[in-house]
Amino acid sequence: MALRAVYGVNRGGKLHWSDMDSQQQRNAAKRIRELDGLHLVAVAAPVPRRRQERARAKALHCLTLELHGYGVERLVMNRGSRR
């Protein structure tokens, strides 16, 4: 709820960094910084089409280890749709 105002209007749905302009990205980062709790940022880079599944599996493995190190006991993931 705290991040929905970043777009300036209540569009509903999810926030996607790549859909935001630079001002919206700054506003989103500021609002996240103001929230209580642990905040991790995951950054993805393009990978060759033939190696996407392997890269995704490796990234999730590393993310899981990192979250475990912070004491996270539950991870809920969402599968996005292809564009």
Distance check, rounded to the nearest 0.5 Å: Leu60 atom CG versus Leu65 atom CG? 11.0 Å
Test of understanding: with side-chain contact (heavy atoms from CB on, under 4.5 Å), list the residues that count as partners of Arg26, not counting sequence neighbours. Ser22, Gln23
Give every residue pair that meets the salt bridge (charged side-chain N to carboxylate O under 4.0 Å, His left out) criterion with at least one member in residues 55-73, sequence neighbours excluded. Glu53-Arg56
